[in-house]
Amino acid sequence: MRTILIVEDEYFIADDCAALARQAGYHVVGPFASIDEARPHASAASGALIDINVNGTSSYRLIDTLIAMGTPVTLYTGYDASTLPKKYAHLPVVTKPRGCGEALGILCKQMSVAG
């Protein structure tokens with residue numbers, strides 16, 4: 001079973017994302033409301049749905065780790081894609097309040113391409 005790492009600090013959004021991923025047949029790691037809590041689980045993830053700002057902490061280092069491992073990442077955030085560092089321009093960004101289902105759908109497509 002493929003595993004999706006969810007890093008999101010807003011409880012209801014995180015819960016919704018996790019429920020949708022489980023309904024789609026994925027194992028969910030998290031959701032985590034802390035980068036430090038999520039980091040040890042990165043290596044087990046087949047894909048990751050990540051907020052940029054998690055309880056005031058930037059998730060960029062975690063994103064870099066996932067990218068280095070070849071793990072597909074979709075950013076689900078309140079930040080506009082144009083405000084993100086250029087090195088993340090290749091990552092899909094779904095801006096809240098658009099639904100988590102949209103972000104999850106994009107991540108699932110990335111995961112199917114990655115094999």
Side-chain angles (χ1 to χ4, degrees):
M1 181 179 289
R2 302 198 70 184
T3 300
I4 294 180
L5 173 68
I6 298 176
V7 184
E8 169 61 59
D9 59 352
E10 297 205 25
Y11 175 80
F12 291 109
I13 293 172
D15 190 55
D16 185 41
C17 291
L20 287 171
R22 286 185 192 105
Q23 287 170 6
Y26 293 94
H27 174 71
V28 174
V29 179
F32 296 102
S34 157
I35 300 300
D36 289 338
E37 289 176 11
R39 191 177 319 285
H41 301 277
S43 62
S46 307
L49 193 62
I50 301 187
D51 192 357
I52 292 295
N53 181 337
V54 181
N55 279 318
T57 302
S58 162
S59 59
Y60 293 138
R61 285 184 31 213
L62 176 60
I63 293 166
D64 291 341
T65 298
L66 290 161
I67 291 170
M69 292 188 305
T71 304
V73 175
T74 295
L75 304 177
Y76 184 50
T77 184
Y79 291 88
D80 186 80
S82 66
T83 67
L84 303 178
K86 297 269 187 257
K87 74 177 188 173
Y88 301 116
H90 68 289
L91 295 177
V93 178
V94 176
T95 307
K96 297 172 190 171
R98 288 168 33 207
C100 187
E102 182 178 344
L104 185 62
I106 291 169
L107 177 61
C108 291
K109 286 179 187 167
Q110 284 177 277
M111 290 168 56
S112 68
V113 169

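In this chain, numbering begins with 1 at the start of the sequence shown.
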Can you measure from [atom1] ([X]) to [atom2] ([Y]) and round to the nearest 0.5 angstrom?
X: L66; Y: M69; atom1: CG; atom2: CE; result: 4.5 Å
X: L5; Y: F32; atom1: CG; atom2: CZ; result: 6.5 Å
X: L107; Y: L75; atom1: CG; atom2: CG; result: 10.5 Å
X: T77; Y: I50; atom1: OG1; atom2: CD1; result: 11.0 Å
X: T74; Y: L49; atom1: OG1; atom2: CG; result: 6.5 Å

Does [Y] offer a backbone N or O that forms a donor-acceptor pair with the side chain of [X] under 3.5 Å?
X: Q110; Y: V73; value: yes
X: S46; Y: T3; value: yes
X: R2; Y: M111; value: yes

Evaluation steps, side chain to side chain contact (heavy atoms under 4.5 Å, CB included), between V54 and E10: CA-CA 9 Å; V54 181; E10 297 205 25; over 6 Å; no
Full working for side chain to side chain contact (heavy atoms under 4.5 Å, CB included) between D80 and V93: CA-CA 8 Å; D80 186 80; V93 178; over 6 Å; no
Option from L62, N55, I63 for which side chain to side chain contact (heavy atoms under 4.5 Å, CB included) with I35 holds: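 Output: one option passes, namely L62.
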Qualifying disulfide bond (SG atoms under 2.5 Å apart) pairs, either residue in residues 31-97, two or more places apart: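 Checked against disulfide bond (SG atoms under 2.5 Å apart) - neighbours excluded - no pair reaches residues 31-97.
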For the student: nearest non-hydrogen atoms of A21 and V28, plus distance: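 Result for this residue pair: CB-CG2, 3.6 Å.
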For the student: nearest non-hydrogen atoms of L84 and Y79, plus distance: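 That would be CD2-CB, 4.4 Å.
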Within one Ile-Leu-Val-Met-Phe-Trp-Tyr cluster: I4 and Y76, side-chain cutoff 4.5 Å: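 Yes: a chain of side-chain contacts under 4.5 Å links I4 to Y76.
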Co-membership, hydrophobic cluster, residues V94 and L20, 4.5 Å side-chain: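 In one cluster with V94: L20, yes.
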Qualifying side chain to side chain donor-acceptor pair (under 3.5 Å) pairs, either residue in residues 56-66, two or more places apart: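 Sorted pair list: D64-K87, D64-Y88.
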Side chains of Y26 and C108 in contact at under 4.5 Å (non-hydrogen atoms):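 Touching, per the 4.5 Å side-chain cut-off.
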Listed pairs under 3.5 Å, donor-acceptor, residues 96-106 side chains, sequence neighbours left out:
unit_1	atom_1	unit_2	atom_2	d
K96	NZ	E8	OE1	2.7
K96	NZ	E8	OE2	3.1
K96	NZ	D51	OD2	3.1
R98	NE	E102	OE1	3.2
R98	NE	E102	OE2	3.3
R98	NH2	E102	OE2	2.6

